[in-house]
Amino acid sequence: MMASSTLTRLGNLSTAYDRQLSALSQAYSDASWKLWAALSPSDWWNDGVVYGVAARQAYMGMMMVQQARGYGIANAISVMRLLGGNIPDPPNGGWLPARANTDPQLTAVKNAVAYRHVAVQSPQVKPVEWPKPTDEDYKLVYSWLDAARTRGETVADTDAVRAGDMANRESYRKAGVTTYRRVIHPELSHTGTCGLCVVAADRTYHIRDLNPMHDHCHCTVMPVLNGSDPG
């Protein structure tokens with residue numbers, strides 16, 4: 001049995017780590033959205049402009065992923081020190097893709113794809129400039145922007161968690177850990193932890209990868225070390 005004080009400290013480390021990733025992804029989302037928000041209505045249909053903005057966002061996203069990996073490594077080291085486990089040389093803390101076989105620029109372009117997808121459903125509305133709150137089409141047109149922004153925020157949040165946890169697990173594996181426990185974070189959710197994650201957190205795993213189970217998944221992992229299960 002783990003001492004209650006150790007469990008409390010493990011919980012605090014896990015929550016602090018997840019808050020770091022959330023703050024990181026939000027800061028990145030806000031910064032990247034400023035790039036898209038500067039476009040005119042016609043710019044959203046100009047592939048040259050869209051790919052240029054996406055290239056800039058892709059670079060920012062790579063820096064975000066690199067920082068998330070650093071958080072994951074630091075968290076694993078803190079956990080292993082607390083549990084008295086091996087402290088391995090940290091894995092590569094630089095950029096590695098959070099999504100296998102994907103191009104960061106093409107991923108960013110999908111913000112425009114989301115905008116266009118909803119905009120073409122109202123072909124009669126073709127704004128030359130952004131409408132004012134008193135204009136008839138204001139809510140409709142800004143729903144197009146909301147679709148693009150929501151898509152970007154979802155990708156940013158998922159990628160930050162995925163990148164951090166990949167580096168986190170790499171660190172544990174290098175320390176000889178083979179068994180993990182998924183840790184849920186209802187304190188970081190507006191609506192509570194989903195049932196899928198609750199069920200997944202009720203067992204241990206002996207597999208190499210424990211990726212986020214869905215968009216906006218904020219489950220983290222903890223090692224089962226020397227027979228001590230944080231669950």
Side-chain angles (χ1 to χ4, degrees), residues 1-31 60-96 98 153-177 179-194 196-198 200-202 204-205 209-226 228-231:
M1 289 287 291
M2 278 191 186
S4 60
S5 59
T6 300
L7 285 172
T8 298
R9 292 172 67 186
L10 283 174
N12 291 340
L13 282 173
S14 184
T15 298
Y17 165 57
D18 200 53
R19 289 189 188 280
Q20 282 182 313
L21 294 178
S22 294
L24 176 63
S25 68
Q26 188 61 58
Y28 161 67
S29 292
D30 292 344
M60 295 164 57
M62 291 169 69
M63 297 301 100
M64 185 270 289
V65 164
Q66 181 174 332
Q67 190 167 349
R69 285 184 58 80
Y71 288 158
I73 293 168
N75 172 259
I77 291 173
S78 295
V79 169
M80 294 302 285
R81 282 177 177 161
L82 177 59
L83 296 177
N86 297 325
I87 308 297
D89 293 332
N92 173 21
W95 180 78
L96 288 174
E153 289 178 342
T154 298
V155 170
D157 189 51
T158 302
D159 283 5
V161 172
R162 185 183 294 269
D165 283 359
M166 284 170 60
N168 189 255
R169 294 192 304 272
E170 287 168 25
S171 299
Y172 288 143
R173 285 195 292 270
K174 292 186 73 173
V177 175
T179 307
Y180 304 87
R181 167 76 70 173
R182 185 182 290 270
V183 180
I184 59 175
H185 290 277
E187 75 280 4
L188 300 179
S189 170
H190 296 297
T191 57
T193 302
C194 79
L196 190 65
C197 291
V198 170
D202 194 37
T204 57
Y205 296 85
D209 295 317
L210 285 172
N211 289 324
M213 301 190 70
H214 52 77
D215 287 341
H216 297 296
C217 180
H218 277 257
C219 293
T220 54
V221 298
M222 279 284 175
V224 176
L225 196 63
N226 300 323
S228 295
D229 183 356

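The first residue of the sequence shown is numbered 1, and numbering continues consecutively from there. Excluded from the calculations below are hydrogen atoms, water molecules and symmetry mates; all remaining heavy atoms, backbone and side chain alike, are included.
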At their closest point, which heavy atom of [X] faces which heavy atom of [Y], and how far apart are they?
X	Y	answer
Ile73	Ala167	CG1-CB, 3.8 Å
Ser22	Ser25	O-OG, 3.1 Å
Leu21	Ala160	CD2-O, 3.7 Å
Arg169	Tyr180	O-OH, 3.9 Å

Distance in Å, [X] [atom1] paired with [Y] [atom2], rounded so as to fall on 0.5 Å steps:
X	Y	atom1	atom2	value
Leu7	Asn12	CG	CG	11.0 Å
Asp18	Asp165	CG	CG	8.0 Å
Ser29	Leu24	OG	CG	9.5 Å
Arg19	Ser14	CZ	OG	11.0 Å

Any non-hydrogen side-chain atom of [X] less than 4.5 Å from a side-chain atom of [Y]?
X	Y	result
Asp30	Gln26	yes
Met80	Tyr172	yes
Leu10	Leu83	yes
Arg69	Gln66	no
Thr220	Asn168	no
Ser171	Ile77	no

**Request:** For Tyr17 and Gly164, indicate whether the former's side chain and the latter's backbone hold a donor-acceptor pair under 3.5 Å.
**Result:** yes
**Item:** Which residues share a side-chain contact (heavy atoms from CB on, under 4.5 Å) with Asn86, sequence neighbours left out
**Value:** Ala175
